[in-house]
Amino acid sequence: MERGTIPLETCPGGLDLRATLESGQSYRWRREDGLLYEGVPGGWYHTVLDGNLIRVRQTDRALEWESTTDAVPYLRRLLRLDDDLDAIVGTGPDDPLLCEAYAAHRGLRIVNDPVFACLISFICSAQMRVGRIHGMQTTLADRFGASLDVDGRTYHAFPTPDQLASTSVEELRDCSLGYRAPYVKRTAEMVAGGEAHPAEARGLDYETAREFLTRFVGVGNKVADCVLLFSLGYLEAVPLDTWIRSAIEEYYPECDRDSYRETSRAIRERLGGEYAGYAQTYVFHHLRTAGTAEAGE
DNA sequence: CCGTACCCTAGTTT
DNA sequence: AAAACTAGGGTAC
């Protein structure tokens, strides 16, 4: 195993690894102490990507890693370590809710996950809590993903489109996917069969890209926005989930429109346009963790 | 654009 | 204490 550290001063605006990995953006990291969503900062997380194991934890001044490969380029990309958080926060509007969210969770970064896994995760997210979504993704990886042995321990990659396409709906239901099971299978078949690939959305203008992604079964506007934001680098995407919808009702009522498309446009502009997705993610995380004894930063 | 059915489970109420 | 009830990051039809 190779190992190393990434000094936090090379990550403009800092990093809050726990907030980044436990804010319902990514379901690809497993926390080794088993305290996902209830632990404290400082624990180790691991993921498998391109046949490699990557372990990370945050210390006082650095991101510490251990991997079967040079993890630095992977981490910079997966955790968007080059995003300048101070600059991004600076472009946002100066309103109380946003300032509070930014202040409380500074260092939270948007992730940049592998697109197929991201697509499947958010298909599974419908009407579901983050803890259970994570459990479903873990089960899918353990049962259908390639295994990787490192130092006597076995890890699992997220299943490929082929692997999920050749899994029966019954087997998927056994992973507690419920009515999402056929969605996952059909979407995997579309990708495996070459009918369409979510990566093809890359490069399209934002609304065209969102529309494109809704061709996958189980993908509506909200899930499409999640994939655009958390995997394809569309930092302006604002997924309109129930938390943001209630925030709109309470804090930005003038943005409430009749359709997803129009409300999306209004709140996107209200939250600063280009980086509106960053604002959304901070607000989402802030509202979700409100009242649960957040130490803040 | 609108309404309803859909699956599962932890947590709460009866 | 078992059994009903509720809600949780929506989407397909």
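Computation of the quantities below employed the complete heavy-atom set of this structure, encompassing side-chain atoms and omitting hydrogens, waters and symmetry-equivalent molecules. Numbered from 1 within each chain, the chains take letters A, B, ... in sequence-line order.
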With heavy atoms under 4.0 Å as the rule, sort [X] into base, sugar-phosphate or nothing.
X	answer
Phe216(A)	sugar-phosphate
Arg180(A)	base
Gln25(A)	base
Gly220(A)	sugar-phosphate
Val130(A)	base
Thr281(A)	nothing

Go ahead and name the base partner of dG9(C); Watson-Crick or wobble counts if both distances stay under 3.5 Å, otherwise write none.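 For dG9(C), the partner nucleotide comes out as none, under the 3.5 Å rule.
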For dC7(B), give its Watson-Crick or G-U wobble partner with both distances under 3.5 Å, or none.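 Result: none.
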Geometric class of the Tyr206(A)/Tyr234(A) ring pair [parallel <30°, tilted 30-60°, perpendicular >60°]: tilted
Stepwise side chain to side chain donor-acceptor pair (under 3.5 Å) test for Asp142(A) and Thr139(A): CA-CA 5 Å; Asp142(A) 288 350; Thr139(A) 304; over 6 Å; no
Ring centroid separation Phe122(A) to Phe230(A) under 6.0 Å: yes
Between the side chain of Glu64(A) and the main-chain N/O of Thr59(A), is any donor-acceptor distance below 3.5 Å?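 Answer holds: no.
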Output the rounded distance in Å from [atom1] ([X]) to [atom2] ([N]).
X	N	atom1	atom2	answer
Leu213(A)	dG10(C)	CG	C1'	16 Å
Ile244(A)	dG8(C)	CD1	C1'	16 Å
Met128(A)	dA10(B)	CE	P	11 Å
Arg261(A)	dC1(B)	CZ	P	9 Å

Using the P atom on both, measure dG9(C) against dC2(B) and round to a whole Å. 24 Å
Distance check, C1' atoms only: dT11(C) and dA10(B), in whole angstrom units.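 Each nucleotide's C1' atom is 23 Å from the other's.
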Please check the phosphate of dT9(B) (OP1 and OP2 only) for any side-chain N or O of Ser176(A) closer than 4.0 Å.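 Indeed, a polar side-chain atom of Ser176(A) lies that close.
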Looking only at the side chain of [X] (C-beta and beyond, no hydrogens), which of the listed nucleotides [options] gets closest?
X	options	result
Arg129(A)	dG10(C), dC8(B), dG9(C)	dG9(C)
Trp243(A)	dT11(C), dC8(B), dG9(C)	dG9(C)
Ser259(A)	dC1(B), dC8(B), dC13(C)	dC1(B)
Phe284(A)	dG8(C), dG9(C), dT11(C)	dG9(C)

For a 4.5 angstrom cut-off between non-hydrogen side-chain atoms, does Leu148(A) reach Val48(A)?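 Leu148(A) reaches Val48(A) side chain to side chain.
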Donor/acceptor link under 3.5 angstrom from Tyr260(A) side chain onto base of dG10(C):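 No pair found.
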Under 4.0 Å, heavy atom to any atom of DNA chain C: which of residues 131-144 of chain A qualify? Arg132(A)
Where each residue is assigned the nucleotide of DNA chain C containing its nearest heavy atom, which of Thr214(A) and Tyr27(A) is assigned the position nearer the 5′ end? Tyr27(A)
Tell me yes or no: between the side chains of Asp50(A) and Tyr74(A), is some donor less than 3.5 Å from an acceptor? yes
Does the pair Ser26(A) and Asp113(A) meet the rule for a side chain to side chain donor-acceptor pair (under 3.5 Å), with working shown? CA-CA 7 Å; Ser26(A) 175; Asp113(A) 266 355; 2.8 Å; yes
Quick one: do Glu66(A) and Arg55(A) make a salt bridge, cutoff under 4.0 Å? yes
